[in-house]
Amino acid sequence: MGMKKKAQPAKVSYFFGPGWNDLKTFIKKFWEFTQEDIKKRAEKVEKGKGVMSLSGAASLLSCFSLILFGSLFFLAIAFTVSLVLGLIFLLVYLLFFLLWLSDRIHLIRNKIFVACPSCKSKYFIPTYICPSCGARHSDLTPGKYGAFFRTCQCGKKLPAHFLLRRDRLEAECPNCGHSLSGTGNRPLCVPIIGGRSSGKTAFITAFSCEFIERVAPRNGMEIQHYNKENHDFYEKVLRSHYLHGTSMQSKEATDIKAASSVAFSFMVHHKKMKPDRLIQIYDIAGETFVNNTENELQLHYTYSEGIVFVLDPLSIPSIRNRLDEGISEVDKSSVGTLDVDLVLDSFLNKLRQITGHASGDALDIPIAVVISKADIRTVDEFIGDEKISAYLSQNGLDMNKYTAVEDRLCREFLTENGMAHFVNAIDMKFKNNRYFKCSAIGHSRERGRYNPKGVLEPMEWIFQMTDNGMKSIWNETKFDDF
């Protein structure tokens, strides 16, 4: 039934220990009673007080008969009782197994699992904490400690089945002890990949604020932050940067105990979507990513819904060499210098290391390649709205083809500027890929509130590709192809 051998701080169910002990005690007591009865009857025969007075061989034969038939009677009763109780116990075990199976099917069918934001480990069942005494309970599912409930060592009854809202209990990661939330939700994990100063953090800031404050309300979604720490981070960091038009660099983790890849998480509830979704967006410092100096294995690559690869167009030499002279000094200081092919190769190496895929395998996971800083004039001339609109008009296409044209022009832009190898590598390594342009801030940094463009569409495309529940309530953009 998938139960662990590790002893739990809980009382074993009657049917998995005490019940068998009671049967053993009954058989032992009944045998002692049978022996005592045989002894008393034998004494009566020897003293001539039986039904018939016997002597010699006849008396010995009578004693033998008492022992034989008394033992047979004991065996018959003990076998009957054991058989009846055994059948009852088997029926109970079958019920427990069916309850466990229904619980596991619910988790698998709804893609519910625990994705630890710290060590990135994946589990079906986390370690749940007793609200009364704080005892840690692993594998809190129907089994030897109870069918629907488990009785903690302190006497507190804990729900052991999803129907009883087990996920409302406080939980932690079985591997690293990190505090967890939303353990009954379906995680939607999306790592944001890119080199240093490519615009990853600005993208995360813009998407998070736009989704929480605009997309969710207009589509009937309710947002709940992962925990107080995430809520404070959103209010004091992300939202502050969003309101003031600033951005921060992802810091390289120097404490080996700290996670290198940091997750910003929040939960999404909608009356038409069951279960709730847990959106986890992962960010990692570009230098940590490329230098392979992470403090933990990036295990979330194995269960992520999709990948956003943020590509800084200013890191392309031919684009950087013809930058518009009017570009601000602030924007010049944030130009990424890491080679995009190097970033992609580092990422692919990590994917192969974590997933075990051969180098020639094409991956099913969708990847959105996002060309950032598209508001800069030099980039806008290639893939801006005017360019896309002109293409639509010249080819007699309607706005439903906007993202298809955007995808095509982005590919052409990269190919024409010495990035054909990158485009070909993406096509070969990822079966599902699409190109987007975005301007996370919408203008030069430090010039007022964010006015983002193109930050929602890459995430919406990933969710539409992988999650029918999210697609049914968030489908503001059409992702048609030619």
Side-chain angles (χ1 to χ4, degrees), residues 1-6 100-101 103-129 136-141 143 160-162 166-193 226-227 230 253 257-268 274-284 289 294-308 347-357 361 363-367 462-463 465-467 469-470:
M1 291 171 59
M3 290 172 290
K4 297 178 181 180
K5 295 181 180 180
K6 181 181 178 181
W100 177 87
L101 186 62
D103 188 74
R104 190 51 54 93
I105 289 175
H106 168 75
L107 298 178
I108 296 173
R109 183 170 62 86
N110 291 290
K111 298 183 179 180
I112 298 172
F113 59 89
V114 176
C116 177
S118 180
C119 70
K120 315 303 183 296
S121 297
K122 175 185 176 181
Y123 302 95
F124 276 125
I125 304 295
T127 297
Y128 285 106
I129 302 173
R136 267 64 177 169
H137 293 259
S138 61
D139 199 29
L140 187 57
T141 56
H161 197 274
F162 79 90
R166 170 183 57 209
D167 57 291
R168 291 179 177 175
L169 294 174
E170 185 181 350
E172 66 182 26
C173 174
N175 182 52
C176 69
H178 186 83
S179 180
L180 302 171
S181 298
T183 56
N185 298 348
R186 173 181 170 178
L188 300 178
C189 305
V190 181
I192 312 299
I193 305 301
Y226 190 78
N227 52 26
N230 260 242
K257 296 181 180 179
S260 296
S261 181
V262 180
F264 174 65
S265 310
F266 58 89
M267 288 164 275
V268 179
K274 301 294 181 183
D276 292 348
R277 300 308 194 252
L278 169 59
I279 296 179
Q280 291 187 319
I281 308 169
Y282 290 91
D283 185 20
I284 186 170
F289 178 78
E294 296 99 326
N295 293 333
E296 78 281 6
L297 286 175
Q298 304 304 302
L299 299 174
H300 54 293
Y301 294 154
T302 62
Y303 53 76
S304 292
E305 295 293 317
I307 299 158
V308 173
F347 176 58
L348 291 173
N349 288 334
K350 288 177 174 61
L351 273 182
R352 285 192 288 268
Q353 176 189 357
I354 299 301
T355 64
H357 283 97
D361 292 347
L363 303 172
D364 291 324
I365 185 171
I367 183 169
I462 288 174
F463 291 159
M465 287 283 293
T466 58
D467 185 358
M470 281 292 289

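Just so it is clear, the values below take in all heavy atoms, side chains as well, and ignore hydrogens, waters and symmetry mates.
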Worksheet item: Can you list the steps and then say if Tyr226 with Phe264 is a ring-ring contact (aromatic ring centres under 6.0 Å, His included)?
Response: CA-CA 8 Å; Tyr226 190 78; Phe264 174 65; 9.7 Å; no
Worksheet item: Checking side chain to side chain contact (heavy atoms under 4.5 Å, CB included) for the pair Cys116/Cys176: CA distance, chi angles, key distance, verdict?
Response: CA-CA 9 Å; Cys116 177; Cys176 69; 3.6 Å; yes
Worksheet item: Checking ring-ring contact (aromatic ring centres under 6.0 Å, His included) for the pair Phe113/Tyr303: CA distance, chi angles, key distance, verdict?
Response: CA-CA 10 Å; Phe113 59 89; Tyr303 53 76; 5.5 Å; yes
Discussion item. Show, in sequence, the C-alpha distance, side-chain angles and deciding distance for Ile307 and Ile365, and conclude whether the side chain to side chain contact (heavy atoms under 4.5 Å, CB included) test is met.
Written reply: CA-CA 7 Å; Ile307 299 158; Ile365 185 171; 3.7 Å; yes
Discussion item. For Ser181 and Met267: C-alpha separation, side-chain torsions, deciding distance, then whether side chain to side chain contact (heavy atoms under 4.5 Å, CB included) applies.
Written reply: CA-CA 9 Å; Ser181 298; Met267 288 164 275; 4.3 Å; yes
Worksheet item: Going through the distances and angles, do Lys274 and Asn110 end up as a side chain to side chain contact (heavy atoms under 4.5 Å, CB included)?
Response: CA-CA 8 Å; Lys274 301 294 181 183; Asn110 291 290; 5.9 Å; no
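With contacts defined as side-chain heavy-atom distances shorter than 4.5 Å, the pair Leu188/Met470 qualifies. Within the 4.5 Å cutoff, the side chain of Thr141 has no heavy atoms near those of the Phe124 side chain. Proximity of Ser265 to Leu278: side-chain heavy atoms (C-beta onward) are separated by under 4.5 Å at one or more points. Contact check for Ser138 versus Tyr128: no side-chain heavy atoms found under the 4.5 Å cut-off. In this structure the side chain of Asn185 never reaches within 4.5 angstrom of the side chain of Ile112, judged on heavy atoms. Proximity of Asn230 to Asn227: side-chain heavy atoms (C-beta onward) are separated by under 4.5 Å at one or more points. Within the 4.5 Å cutoff, side-chain heavy atoms of Leu180 are placed close to those of Val114. The shortest side-chain heavy-atom distance between Cys119 and His178 does not fall under the 4.5 Å cut-off.
With rounding to the nearest 0.5 Å, the separation of CE in Met465 from CD1 in Ile367 is 12.0 Å. One finds the OH atom of Tyr301 at 13.0 Å from the CZ atom of Arg352 (value rounded to the nearest 0.5 Å). Once rounded to the nearest 0.5 Å, the distance linking SG of Cys189 with NZ of Lys120 reads 10.5 Å.
The minimum heavy-atom distance between Gly306 and Ile462, with the atom names listed, is CA-CG2, 3.8 Å. Nearest heavy atom pair, residue Asp167 against residue Gly184, reads CB-N, 3.4 Å. Closest heavy-atom contact between Ile125 and Leu140: CG2-N, 3.6 Å. The shortest heavy-atom contact between Pro117 and Ala263 is CB-CB, 3.9 Å.
A salt bridge links Glu305 with Arg186: the closest approach of a Lys/Arg side-chain nitrogen to an acidic carboxylate oxygen falls below 4.0 angstrom. For the pair Lys111 and Asp467, the salt-bridge criterion is not met [side-chain N within less than 4.0 Å of a carboxylate O].
Neither side chain, Tyr282 nor Ser304, offers a donor N or O lying under 3.5 Å from an acceptor on the other.
Between the side chain of Asp103 and the main chain of Phe162, a donor-acceptor pair closer than 3.5 Å is present. Judged purely by atom type and a 3.5 angstrom limit, Arg166 uses its side chain to pair as donor or acceptor with the backbone of Ala160. Not a single donor-acceptor pair under 3.5 Å links the side chain of Arg109 to the backbone N or O of Leu107.
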